[in-house]
There are 2 protein chains.
Amino acid sequence: MQEYGKVEVMEDKGAVGTTMRRTYTASIVSVMAAGHKDSFVTAAADFIHVELGGIPGDRHYGIMVPADVRQNWYPKGTMIANRRQISIVSAEECEEIAVRMGLPEVRAEWLGANILVSGLEGLTSLPRGSRLLFPDGTGLICEGENEPCTGPGAVIGEQYGRPELSGMFVKAAYKRRGIVCSVEREGTINRGDSCEILIPR
Amino acid sequence: MQEYGKVEVMEDKGAVGTTMRRTYTASIVSVMAAGHKDSFVTAAADFIHVELGGIPGDRHYGIMVPADVRQNWYPKGTMIANRRQISIVSAEECEEIAVRMGLPEVRAEWLGANILVSGLEGLTSLPRGSRLLFPDGTGLICEGENEPCTGPGAVIGEQYGRPELSGMFVKAAYKRRGIVCSVEREGTINRGDSCEILIPR
C-alpha cells in the first residue's frame, strides 16, 4: 500500500538534530540507460547499477565531466564534479506534459530519463538535498530541477512525425521535467522497486 | 569595494534558462586545515588546495566516507559520497555566537572551520546548491547548514578554562554555525582571496 503523503518523522538517536523527514514512498515503474553516444534517448532495462559517477556505460556517467552551458560560471569544458548523473521523471508529470502538448503520451525514454517513478506528486519540486532510498540500500541525492531544453521536443516531434511539436516541449515541460540526481550510496535499482524519499528540514 | 547585497543577474547565453543569480562577494579572512586525527580543531594556513574529495591531509578528506549519525538513513559505517568536505563559517556569525555566549571571541579554528569569510550576511542560510567561486576558478557547492554538535562547545570551554561553557554552544550556534561544502572544481583558495557567491533561482 502506498504511503503517499504520509509524514513519518525519523527518530533522532544521535548527537545532532534530525536533518531529514521521511515523507513519501514512490514506485519505480521503469529504469533506463542511454548507451549510445549519439543520442540521449534511453532504453528500458530490468535494473540499473549505480556507482559514484552514475550508471556505468550511460551517456551521463562520470565522476567528473566537462562543464557545459548549464554550469556557465565555468569556462566550457572545465572538468567539474558531475552532479547531473541520473535523470528521474514521474508518470504523473509526463502525463501532464502530454496533455499540455495534446499528445496521447510522452515517454520517459524520449526525455532521456533513467528512472520513471509513480505515486509522487510534484517530483520536479523536490528540494535539493532530498534523498531517494532503494530496497538494497542504494541512495541518490536530489540535485534539483532538470530545466527543460529543446532536445526532447525534437525527439517527440520525430516520434509523432510532427516537427512542429518540437518547439512546444520547453514550455509544456516547465516545472514538470523531473529532477537530476547524483549517487550517494552505490547499488542496484530494479524495475518494480519501491523508493523512500527523505526531505531536508 | 564590497559588492555586498548587490544583485547582478548573469547573462544567459545557452539553450537552457539561467539557473543562478550572482548575488554576493565575500572576503576570505583565513583558510585552515585539520591535520591531526585526534582533533577537529583546525590551524591557519596561507592557502588550501582542494580536490574532488576535499582538502588532502585534512580530517574530512575523502571521495567516500563512512556514514555517521548525520546520515542516519544508512547503517553507520556505510561508505557514501562525501558531501561534508569543507566547513565554512563567517566572522559575523562567529561574533554573534561569542556575544550569545558572553565571550570576547569564538575562533573559527575552534569550530573546525576550513574557511572564514567576512562581508556576507546570513552565511548559514545560504541555500543548498549555491556556488562559491574563487579567483583561480576553484568552485565549491553549498551542501547546506552545518548543524551544531557538542564538540566545539568542549573546545571553547577548554580555551577559556570554563567547562560550563561546553553546554552553551549548540543553542548559541543555532543557525549561525556556517555551512558545509563539497568541491565542484579543484584548485587553490588563498587567505585574502575574494569569493563570489551564486544563488540558485
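These numbers were taken from a predicted model, which means no experiment stands behind them. To find a chain, count down the sequence lines: A is the first, B the second, and so on, and within it residues start at 1.
- Expressed to the nearest 0.5 Å, how far CH2 of B:W73 lies from CD of A:E196 amounts to 12.5 Å.
- The number of heavy atoms from other shown groups lying within 6.0 Å of CZ (B:R107) does not exceed 12.
- Within the 4.5 angstrom heavy-atom criterion, only side-chain atoms of A:L133, from C-beta onward, approach chain B.
- In plain terms, the two heavy atoms of B:A81 and A:L52 that are nearest each other are CB-CD1, 3.6 Å.
- Interatomic distance, A:M64 CE to B:E184 CD, rounded to the nearest 0.5 Å: 9.0 Å.
- When heavy atoms are compared at a cutoff of 4.5 Å, B:V183 approaches chain A solely by way of its backbone atoms N, CA, C and O.
- One finds the CD1 atom of B:I141 at 7.5 Å from the CD1 atom of A:I80 (value rounded to the nearest 0.5 Å).
- Around atom OH of B:Y61, more than 12 heavy atoms belonging to other residues, nucleotides or ligands sit under 6.0 Å away.
- Remark: B:R185 CZ to A:Q71 CD distance equals 12.5 Å, nearest 0.5 Å.
- For the atom pair A:R128 CZ and B:E143 CD, the distance stands at 11.0 Å (nearest 0.5 Å).
- The environment of OH in A:Y74 is crowded: more than 12 heavy-atom neighbours from other residues, nucleotides or ligands sit within 6.0 Å.
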